[in-house]
Amino acid sequence: MSAQDLEPVFRKLTPPAGGLAELRGRIEAQRRHRTRRFGRMLATGTALSVATILALVVMPGTPAAHPGDQMLDVWVKRTGDPTLLHLASAPMPEEPVVVRPGSEARLAVQRVDTGTERVIYYRFDSLAPPAAAEAARDGLESVRDAPTEPRSPQTEGPL
Amino acid sequence: MKAARAHAVDSPTDVLDEAAMERLYARLETPVYNVVYRWLWDREEARDVVQEAFMKLWKKRDSVRMDTVDPLLYRMALNLASNRRRYRKLRSWLPLPSQEVPEEAWAGRREEQEAVRAAVEGLPEDLRQVVMLTELGGLSYKEVAEVVQIPEGTVGSRRNRALRTLRETLGESA
C-alpha cells in the first residue's frame with residue numbers, strides 16, 4: 001500500500017535553523033559541567049583527606065588499652081574469684097614490686113594459674129600490721145590467715 | 001519511501017565520538033523532527049525534543065552500538081515527545097496561561113493543516129507510531145519493530161491499517 005496520495009500528511013518539514021550549532025553548544029556545556037563537577041569532587045576529597053590527616057596528627061590520641069587487660073577480664077569473669085577481681089582492678093604500682101631476700105616474713109606470694117603457659121600472675125600480699133608477723137612466729141596466728149590488703153598483680157616472671 | 005541508510009558512512013570507527021555525532025545529526029535531524037512534530041504540533045517543542053534526544057544519546061555514547069543507533073534515537077525521541085504530551089495534558093487541567101504558539105511550519109492552507117492534524121491525532125497511538133516511523137523516519141520494518149517493541153510482522157499490518165484509516169478520514173473531510 002502506497003502513501004503517495006497522503007502527501008499532506010507526510011510532507012517533509014524543515015526544522016528550525018541552527019540545530020547543529022545548538023547541539024554543539026549543549027555538548028560543550030555538558031563537558032564544562034562535568035569538568036566543574038570533577039573539580040569540586042577533587043577539592044572536596046582533598047579537603048577531607050587534609051582534615052583527616054590533621055585530626056590524626058593534632059588531636060591527642062586515646063591511650064591504647066593494655067593488651068593484657070582484655071584477657072585478664074575474660075579470665076576473671078571465668079573464675080569468678082572476688083579476690084582476683086580485686087587484684088585485677090587494682091592500680092599498677094608506680095614502682096615495681098621487689099622481693100628482697102629475707103623479706104619473706106612480710107610478704108605472702110601466691111602463684112595464680114591463668115590457664116595459659118605464657119602468662120603467670122603472682123599475687124603479693126603484705127602483712128598489714130608488723131605485729132601480725134610476730135604473732136604468727138609465736139604460733140598464735142597463721143601468716144596465711146592474716147588480714148591482708150591486696151597490692152597489685154605482677155607479671156614479670158617467676159620469683 | 002525509505003530514506004537511504006548510511007550507517008557505514010556514519011560510523012567508520014563504530015564509536016560515537018563528536019564527529020560521528022555531527023554526522024548522525026546531519027542525517028537524522030530532519031526525519032526525527034518530522035516524526036516528533038506529528039506528536040507535538042509545535043515547532044519549538046519539536047526542536048527541543050530533537051536536541052534532547054541527541055543529548056540523551058550523547059550521554060549514553062559509551063554503550064551505544066552504531067548499528068542500532070537509529071532505532072535507539074527514535075525511541076528516545078518518541079519517549080520524550082510522549083512525556084511532553086502528557087505534561088501538556090496535565091497543564092491543560094491547571095489554570096496556567098496557555099503556551100500555544102501560532103503555527104507557521106505548515107507549507108499549506110490552514111484548513112489542510114487542521115484536517116491533517118485531526119486525522120493523525122485520530123489514529124490510535126500504536127498505529128501512529130508505526131506509520132510515522134515508516135513514512136517519515138524511513139525506518140525498515142525491522143527497525144520499527146525494535147523501536148516500538150513489537151514483532152516485525154505486526155509492523156506491516158499496523159502500517160496498512162494506519163494508511164487506510166488516514167485515507168478514510170481525509171476523504172471524509174475533503
With side chains defined as the heavy atoms from C-beta onward, is the minimum distance between B:Y33 and A:P16 less than 4.5 Å? yes
Would you mind reporting whether B:R38 and A:L13 have side-chain heavy atoms less than 4.5 Å apart? yes
Determine the sole option in B:L163, B:L166, B:L136 for which the side chain to side chain contact (heavy atoms under 4.5 Å, CB included) test with A:V9 is passed. B:L166
Please name the residue in the list B:V120, B:V131, B:V116 that meets the side chain to side chain contact (heavy atoms under 4.5 Å, CB included) test with A:F10. B:V131
Residues in residues 30-42 of chain A near chain B [non-hydrogen atoms, under 4.5 Å]: A:Q30, A:R31, A:R34
Taking all non-hydrogen atoms of both residues, which atom of [X] and which atom of [Y] are closest, and how far apart?
X	Y	answer
B:Q51	A:G19	NE2-O, 2.7 Å
A:L23	B:M21	CD2-CG, 4.4 Å
B:R47	A:A17	NH2-O, 3.4 Å

Quick one: side-chain contact (heavy atoms from CB on, under 4.5 Å) partners of B:S82, sequence neighbours excluded? B:W39, B:R86, B:E125
For the pair B:E22 and A:R24, evaluate salt bridge (Lys or Arg N to Asp or Glu O under 4.0 Å) and give the outcome as yes or no after the intermediate values. CA-CA 8 Å; B:E22 290 192 7; A:R24 282 183 188 138; 2.7 Å; yes
Any residue meeting salt bridge (Lys or Arg N to Asp or Glu O under 4.0 Å) with B:R84, in chain and number order, not counting sequence neighbours: B:E45, B:D48, B:E52
So which bits of residues 55-65 of chain B come within less than 4.5 Å of chain A, counting non-hydrogen atoms only? B:M55, B:W58, B:K59, B:R61
Residues A:R11 and B:E112 bridged, charged N to O under 4.0 Å: yes
For the CG atom of A:L6 and the CZ atom of B:R167, what is their distance to the nearest 0.5 Å? 5.0 Å
